[in-house]
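Computed from heavy atoms alone, side chains included, the values below leave out hydrogens, waters and symmetry copies.
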Amino acid sequence: MIDVLKAFYTIHYNFAAVSILLLLLLIVLLSKKNVKFGIVVLAILVVFNVALFKRTDGKSWTLTQEETKDEYGIIHTPESMTFSADTNWVNDKGIIMGADTIHHWCWMDQKWAEFASMDLVAKIWGENSSKKMIKASEGHGSF
């Protein structure tokens, strides 16, 4: 569990920051002898880390890219890459590093890609407002 969380936290450091803040809050609460809220914060901290571990451990994610055609008509088919915490992130030496990058893809990246591709204006104000905003912003670039 520690290896998976160590690999997850080094890449998704915002989750690590939340865990550290909860741990510091627990220390403050216990130093003030506030045991009731300390137990609640400890339970939240344990549930948070166990949930991250359960979503990450033993699962794999595959990235596939579309075929591309260059200007000469040659079709390039990229290979698909599969990532999992057990085999691709962590080995006996720690996090696998290659060419100055960390090889990593997981459920958090997948959720972020889904969120980033969402049209927020269309969700809030409807499709027509979204199309009007796109047309308005495209008109400013032409002279």
Distance check, rounded to the nearest 0.5 Å: [X] atom [atom1] versus [Y] atom [atom2]?
X   : Y   : atom1 : atom2 : answer
I75 : E67 : CD1   : CD    : 6.0 Å
I39 : I44 : CD1   : CD1   : 12.5 Å
L42 : L23 : CG    : CG    : 9.5 Å
S19 : L24 : OG    : CG    : 11.0 Å
R55 : L52 : CZ    : CG    : 9.0 Å

Original post:
Has W107 got more than 12 heavy atoms of other residues, nucleotides or ligands less than 6.0 Å from its CH2?
Top reply: yes
**OP:** Evaluate whether atom CZ of F37 has more than 12 neighbouring non-hydrogen atoms of other residues, nucleotides or ligands under 6.0 angstrom away.
**Re:** no
Original post:
Can you name the residues that form a side chain to side chain donor-acceptor pair (under 3.5 Å) with D57, not counting sequence neighbours?
Top reply: none
Treat each ILVMFWY residue as a node, draw an edge where side-chain heavy atoms are under 4.5 Å apart, and state whether [X] and [Y] are in one component.
X    : Y    : result
F48  : V40  : yes
L26  : V46  : yes
L30  : L21  : no
W112 : M118 : yes

**OP:** Quick one: closest heavy-atom pair of L5 and N49, and the distance?
**Re:** CD2-O, 4.0 Å
Original post:
Given side chains that start at C-beta, do those of H76 and D70 come closer than 4.5 Å, heavy atoms only?
Top reply: yes
Subject >> Side-chain heavy-atom pair L22, V18 within 4.5 angstrom cut-off >> reply: yes
**OP:** For T56 and F53, indicate whether the former's side chain and the latter's backbone hold a donor-acceptor pair under 3.5 Å.
**Re:** no
**OP:** Give a yes or no answer on whether the side chain of K59 reaches the backbone of K54 with a donor-acceptor pair at less than 3.5 Å.
**Re:** yes
**OP:** Indicate the ring-plane relationship of F15 and H12, choosing parallel, tilted or perpendicular according to the 30° and 60° boundaries.
**Re:** perpendicular
Subject >> ILVMFWY clustering at 4.5 Å (side-chain atoms), partners of Y13 >> reply: none
